[in-house]
Structures are given as C-alpha cells and as structure tokens.
**Q** 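Here you go, one structure.
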Amino acid sequence: MTNKVNDIFDSFTSKTIFKDKQLLQSNYTPEVIPHREKEIEQIAGILAPSLRLERPSNLFIYGKTGTGKTLCVKYVENELIKRALKQNIELSILYVNCKLNKVADTEYRIVAELLRKLNEKVAATGLPTQDLYRRFTEIIDKKKQLVIIILDEIDQAVKKMGDDFLYHFTRIGSDLSKAQVSIIGISNDLLFLDNLDPRVKSSLSEEEISFHPYNAAQLQDILKERSKKAFKENIVQTGVIEKCAAYAARNHGDARKALELLRIAGELVERDSKKELDFEYIDKANNKIEKDKILDVISNAPKHFQLVLSSIISLTKKNKEAIFTTDVYDIYLNLCSKTRLEKLTQRRIGDIISEFDLQGIISFKVISRGRHGRTREIKLSLPTHLIGKVEGILFESLGI
DNA sequence: GTCAATTCACATGAAAGAGACCACGGTCTAGTG
DNA sequence: CTAGACCGTGGTCTCTTTCATGTGAATTGACGA
C-alpha cells in the first residue's frame, strides 16, 4: 500500500513538466514586465516625489482586466519601498483590493483592512465606521511620514456602496498634521470616473493613466517569456503559445486569462501523464475553466438561487419558445412547497434572475409585449453538455 | 386608415426591517486573601 | 478585592419585503378621408 502511494508521489515529482509553476500563477510578480515600460515610467514619475517626502499627486489608473495595472503598480511599489528603506525615508504603502469578496467590499471593511495592514487588530464588525477612520488617522499621524493608499478594483466598491466613501478617503489628508496621504485608485471600468461626484473626481484623478489591452503579439511575448521559465524544455509544442494568445486576445487582451489557460493546460497534460503540451490541451483547458467556474458558482449558491435555476432548467427542457419571469416564479412557488422552503417575493426572484445573468449562467432581455406588459425573456446559457451535471448538483442539494 | 391615448405586467429604485454577528462598558458573582 | 461571567446598548452586514415609480409597444377609440 505505502509502496503504491510512494510510487504515485515519485511519478508525480519526477514526471512533472513544470520547472516552476509559480510563474504562471496570477499573484506572481515578474522581474520584467514586457510592453508596459512606458506605463511603469509614468507611475514612477508620478510617485517619485515621495522619495523627498513630498506628497505625490493622487493617481487614477484604469484599464480592462488582465492589462497589467495591478502588476505595474506593485512593481513600482516594490522599487519605491526598497529605495525608501535604503534612504531611510518614512514611507508606507497600503494596498487594499476592494473586491476580494468578504474581505474589503464595504467602507467599514476597507478601513479595517487598512488598519490591519498597519498591524492593528480590528473587529470584523461592531464599531462605528467613523471610529475606524479616527483610529486610522491617529496612527498614521503619530509621526511625519508619507502614506500611499492603493485601492484596487475601486469601481466594484463604488458600484456596491456609492461614492460617499471615496469622499471620506479624499478628506483623510485634511485631518492630518504631520503625515501626508495620497491615493491610487485602480479601476477596470473605463467609464467609472464619469459617474463620480465631481468633487471626488477632481481630487482623485489629479493624474490619470490608462492601460490598453495587449494585442496578440504582445501576449505571445509575455507567454513565451513565462513559459520558458515555467516549463521544462521541449514540453510546449509549436502553436500552443499562439493559440493561447489568440484566445486571450479575443477576450479583450486579458493576460491573466492567457496565463491561467497555459497553467491549466499544463496540469491537464500532467494528469494524462503525457510529456507534450500540444494545442489541443488549450481547448481542453478552456473548457475546464468554464466548467469549473460555473459548477462552483452553482453548488455554492443559496437554496433559493438553486430553486430558481432549477425552475428555469425545467422550463427549458419543456421546450417552451420563451420563458418569462412569471413562468419561472410559478414553478419556483411549486418547488418551494415541495421542499418546504419559505417562499420569496417575485421582486426578489427578479433580482436573483439578474444575478444569474451577471454570472453568465442565463441571459435575458427585457421585452415589451404591448398590451400584455413588460417582462424578461429568459434563456439558459449553460453549455448543453453541462446541464446534466448541473441538474445533478441541484438534485443533491435540494432533493428534487 | 391614421394617430395619440391608454393599458398591461412587469422592471427598476429606494427605503426600511429582520436577524445574525460583534464591541464595549457597566453590573453581578464567586473565589481569594 | 478582583477576575471573569453576563447583560444591555449600539454598531455593521446581508438578505428581504414593501412601497413607489418607470416603461414600451399592442390595443383602443376618436377622427377624418
């Protein structure tokens, strides 16, 4: 028995096709960031005054996902910190991702997260938000120093709770006597600034930088660079990088996605205990990513979400030419009484349907049927080969 | 036949409630010297 | 006398409900040709 296990471990360690898988992980910060030299210079230029303990302008960065925004900022951050240490400059940089669910997606949590970065213990809830602000300003104002706050995915936070909190942030500086604060906002949403309160907008975007998507050629460079170090020799076949880049380029030049694709493909090759990564594996990886994402979302969804989805699936299977909100709600009510669950209002079900749409599990368009009112026309957008699996999950969790 | 008004059946927004979780400060209680 | 248990108050957070307002084309009905 133990021998067998050891064999498995042996073959796992010896047969690996990876040299260093880390390089394909999304949290990896490479030494060199190809095709972003100009942006890095810009960021560095804007933040440079901090090395003389002068407050740099607030900076606003926007660009689609996977265009290297966070990467570039972190890169400059690291260099800046190194330099500050060498020159003995009181500079701290606090990075908060406003999206990472449950960590920092409310005003309270963002400030709490900032405090934690300063090695403060903060309760998960229970304190007035204003208290946290006060504690934060007190702590950083203890000494003469410069604090740079980086708010990543700031658009998500604003979408969720409005732009009030940004106003609070931009005003932190005015309560300080010794320390100084500047803010870097990073957004995936290109139109984000337009919808902001003008006061916030002008103070947040003293400087702006936009990141353009990578094109296919640039993506290839990035992938080549990384795969050279991540995989052992002669693993990656010709055409793989090109295909991977093409996939991602279609996806508004998302480099993160491209790297993920390559990594998953590699893992699949390993699982098949093959030695060559050819371009068919890119397709397989793409399917796997989609599938895993969808199944994960569905199996972790609350019961009522699952009931709604179950209703939509059963309507789809009945081959009705169009599914409307009421149809879904009727079946949902039925399922509720079958499963003895408290039923939710139609208003709420409407929101749940919207959320499914956002996740790409269904799609709908609002149509007006004239005299017969307005409603949503709902379509299931799960790939057909997944429907069975999804039904399995739903059955397991709901027992219907 | 034409055109504006009407109407339906929801969508969409805003506000507020319910219940879980949590911190903090004050009060009570049991153990200790 | 003191540490720890316990309680009440007041805060956040998520999921919902309630109430209010918005919406776009089929339908209606008045009008004129």
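The figures here come from the full heavy-atom set of this structure, side chains too, leaving out hydrogens, waters and symmetry mates. A, B, ... follow the sequence lines: proteins, then strands. Residue 1 opens every chain.
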**Q** For a side-chain contact (heavy atoms from CB on, under 4.5 Å) check, start with the C-alpha distance between A/E39 and A/I33, then their side-chain angles and the critical distance, and finish with the verdict.
**A** CA-CA 10 Å; A/E39 284 81 0; A/I33 306 174; over 6 Å; no
**Q** If you take any heavy atom closer than 4.0 Å to DNA chain C, which residues from residues 305-315 of chain A end up in contact?
**A** none
**Q** With nearest nucleotides of DNA chain B determined for A/D351 and A/R135 from heavy-atom distances, which residue corresponds to the more 5′ nucleotide?
**A** A/D351
**Q** Could you tell me how the ring of A/Y332 sits relative to the ring of A/Y329: parallel (under 30°), tilted (30 to 60°) or perpendicular (over 60°)?
**A** parallel
**Q** Kindly give the atom pairs (protein nitrogen or oxygen, nucleotide nitrogen or oxygen) under 3.5 Å for nucleotides 22-24 of chain C.
**A**
unit_1 : atom_1 : unit_2 : atom_2 : d
C/dT23 : O2     : A/R374 : NE     : 2.8
C/dG24 : N2     : A/S368 : OG     : 3.4
C/dG24 : N2     : A/G370 : O      : 3.0
C/dG24 : N3     : A/S368 : OG     : 3.0

**Q** Can you check side-chain contact (heavy atoms from CB on, under 4.5 Å) on A/D152 and A/V73, steps first, answer last?
**A** CA-CA 10 Å; A/D152 203 350; A/V73 170; over 6 Å; no
**Q** Looking at A/R376, does any N or O in its side chain come under 4.0 Å of the phosphate oxygens OP1/OP2 on B/dT12?
**A** yes
**Q** So A/T70 and A/N97, do their side chains get closer than 4.5 Å, heavy atoms only?
**A** no
**Q** Does A/Y247 have A/K257 sitting over its ring (NZ/CZ under 6.0 Å from centre, angle to axis within 45°)?
**A** no
**Q** In terms of side-chain geometry, is the basic nitrogen of A/R134 or A/D131 positioned less than 4.0 Å from the acidic oxygen of its partner?
**A** yes
**Q** I would like to know whether A/F136 and A/L94 meet side-chain contact (heavy atoms from CB on, under 4.5 Å); could you show each step before the answer?
**A** CA-CA 12 Å; A/F136 181 69; A/L94 309 173; 3.9 Å; yes
**Q** Counting just side-chain N and O atoms, does A/R109 come under 4.0 Å of either OP1 or OP2 of B/dC22?
**A** no
**Q** Identify which nucleotide among B/dC10, C/dC13, C/dT16 has an atom closest to any side-chain atom of A/Y108, counting heavy atoms from C-beta outward.
**A** C/dC13
**Q** Could you please spell out the steps behind the side-chain contact (heavy atoms from CB on, under 4.5 Å) verdict for A/F356 and A/I378?
**A** CA-CA 11 Å; A/F356 276 138; A/I378 300 161; over 6 Å; no
**Q** Using a heavy-atom cut-off of 4.0 Å across all strands, would you classify A/K365 as base, sugar-phosphate, or nothing?
**A** nothing
